[in-house]
Amino acid sequence: MPNESLQTQAADPESQLRFEFGANWRRFLRQLNQERVAAAELSLKEMLGCENLHGKKFLDVGSGSGLFSLAARRLGARVLSFDYDSESVACARELKRTFFPQDGEWRIEQGSVLDQDYLRSLGQFEVVYSWGVLHHTGAMWEALGNVETLVKEGGTLFIAIYNDQGIMSDFWLFVKRSYNRLPPSLRFVILWPMGAFFVSAMTLKDIFRLRRPRVFSRSSSPRAMSLWTDIIDWVGGYPFEVAAPAKIVGFYQQRGLRLDRLVDCGRKFGCNQYVFRKS
């Protein structure tokens with residue numbers, strides 16, 4: 001399932017149609033605890049193949065709740081977080097006030113991954129991180145190209161992009177558009193049936209595998225996310241674009257990046273995770 005926040009309004013006829021990512025992350029922060037923070041740190045270390053980020057400059061593109069900026073800072077990185085959504089920016093600032101007040105090694109700004117003037121002002125980073133964000137910009141391939149320019153020579157790019165399921169992706173696009181076209185008071189008409197579907201499918205899968213259903217766990221995913229936050233994000237997350245792993249890998253190989261790690265969904269919905277090295 002998806003996890004982070006919108007960067008810019010889509011440049012299409014429905015450019016004003018967008019999901020309130022920041023409001024969803026605000027609700028998630030009410031459930032944040034040390035267990036989730038530790039899980040976020042662990043997921044970063046596993047995917048990046050390191051024990052810490054001491055001395056490294058870490059850029060969080062589309063910081064969303066701010067949880068992974070916090071995780072990177074706790075691992076020793078100098079962090080810059082930015083997001084298009086003002087409520088997401090406020091979430092990250094709230095985490096900083098709680099965990100790293102008056103810290104000069106963690107900057108938080110509002111900006112867009114499609115604003116090249118803004119990006120040029122940031123410089124380059126040893127680690128550029130953007131999990132579940134670039135496919136929500138309305139201009140995914142432009143955003144994918146823009147983040148590459150932010151990676152320092154020898155640095156790492158860690159992204160997650162929605163998996164291309166063909167016809168099923170077209171179905172999810174219809175669901176997401178329909179959800180966002182409804183007034184907020186009526187969105188439960190789509191959200192509740194979809195939520196029941198996800199919870200039922202997840203619970204049955206866990207029962208068949210003889211393990212405790214994840215719906216009873218505090219954290220529903222290895223990335224420390226909340227099940228209900230994920231469901232709302234998945235059903236509502238619009239704009240929405242997808243890509244098959246081969247297309248993402250080919251796109252970056254042409255730009256001189258080497259694939260270091262890929263965690264893919266197979267034929268399922270969700271995000272494929274990629275770690276590239278720039279050399």
Side-chain angles (χ1 to χ4, degrees), residues 1-6 21-83 85-110 125-133 156-160 202 212-234 237 261 263 270-271 273 275:
M1 282 190 180
N3 134 347
E4 299 292 61
S5 186
L6 182 66
F21 289 89
N24 196 36
W25 290 124
R26 175 72 69 182
R27 289 188 289 268
F28 167 71
L29 286 190
R30 297 173 195 151
Q31 309 167 50
L32 189 63
N33 53 33
Q34 290 291 345
E35 181 184 349
R36 291 187 192 276
V37 176
E41 289 179 39
L42 180 61
S43 74
L44 270 184
K45 290 194 292 184
E46 288 179 343
M47 285 299 294
L48 294 175
C50 65
E51 280 303 310
N52 62 68
L53 294 170
H54 291 314
K56 294 187 182 295
K57 291 175 64 180
F58 182 100
L59 179 65
D60 190 352
V61 179
S63 52
S65 67
L67 173 58
F68 281 82
S69 291
L70 171 62
R73 184 69 192 97
R74 282 167 60 111
L75 290 173
R78 290 174 289 158
V79 178
L80 172 58
S81 319
F82 77 84
D83 203 297
D85 188 304
S86 60
E87 280 212 64
S88 292
V89 173
C91 286
R93 287 176 175 161
E94 181 178 327
L95 283 189
K96 183 184 176 185
R97 281 194 299 270
T98 302
F99 291 91
F100 284 93
Q102 310 303 319
D103 180 27
E105 298 296 295
W106 182 2
R107 289 167 47 207
I108 301 167
E109 300 178 356
Q110 184 170 13
F125 298 78
E126 281 89 359
V127 181
V128 175
Y129 172 87
S130 189
W131 210 104
V133 174
T156 300
L157 174 64
F158 177 10
I159 62 171
M202 183 181 292
R212 185 171 183 264
R214 282 165 287 176
V215 294
F216 300 122
S217 301
R218 289 176 130 189
S219 177
S220 65
S221 77
R223 300 187 64 253
M225 295 293 104
S226 153
L227 175 60
W228 190 241
T229 300
D230 273 353
I231 289 173
I232 295 172
D233 188 274
W234 174 256
R261 186 169 186 192
V263 179
C271 286
Q273 301 181 74
V275 176

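Being a predicted model, the structure only gives us computed values, none of them experimental. These values consider heavy atoms only, across backbone and side chains, with no hydrogens, waters or symmetry-generated copies.
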Within this structure, what is the [atom1]-[atom2] distance for the pair [X] and [Y], rounded to the nearest 0.5 Å?
X: Arg27; Y: Ser65; atom1: CZ; atom2: OG; value: 13.0 Å
X: Leu75; Y: Phe68; atom1: CG; atom2: CZ; value: 10.5 Å
X: Phe82; Y: Leu59; atom1: CZ; atom2: CG; value: 5.5 Å
X: Phe28; Y: Leu67; atom1: CZ; atom2: CG; value: 5.0 Å
X: Ser86; Y: Arg93; atom1: OG; atom2: CZ; value: 9.5 Å
X: Tyr129; Y: Leu53; atom1: OH; atom2: CG; value: 11.5 Å

Side-chain heavy atoms of Leu32 within contact of Leu95, under 4.5 Å: yes

Glu94: partners by salt bridge (charged side-chain N to carboxylate O under 4.0 Å, His left out), with sequence neighbours left out: Arg26

Closest non-hydrogen atom pair, [X] against [Y]:
X: Leu44; Y: Ala72; value: CD1-N, 3.8 Å
X: Trp25; Y: Ser88; value: CD1-OG, 3.8 Å
X: Phe21; Y: Asp85; value: N-OD2, 3.8 Å
X: Gly62; Y: Asp83; value: C-OD2, 3.3 Å
X: Ala77; Y: Phe58; value: CB-CB, 3.7 Å

Non-neighbouring partners of Arg107 that pass side-chain hydrogen bond (donor to acceptor under 3.5 Å, both in side chains), sequence neighbours left out: Glu109

Counterpart residues, side-chain hydrogen bond (donor to acceptor under 3.5 Å, both in side chains), relative to Glu87 (two or more places apart): none

Residues Gln273, Trp131; criterion side-chain contact (heavy atoms from CB on, under 4.5 Å); working and verdict: CA-CA 8 Å; Gln273 301 181 74; Trp131 210 104; 3.0 Å; yes

Salt bridge (charged side-chain N to carboxylate O under 4.0 Å, His left out) contacts in which one or both residues fall within residues 63-72, not counting sequence neighbours: none

Pair listing, salt bridge (charged side-chain N to carboxylate O under 4.0 Å, His left out) test, anchored in residues 69-80, at least two apart: Glu41-Arg74, Arg73-Asp103

Whether Lys96 side chain and Ile108 backbone form a donor-acceptor pair below 3.5 Å: no

Side chains of Ser81 and Ser63, donor plus acceptor under 3.5 Å: no

Residue pairs fulfilling side chain to side chain donor-acceptor pair (under 3.5 Å) with at least one residue in residues 48-59, sequence neighbours excluded: none

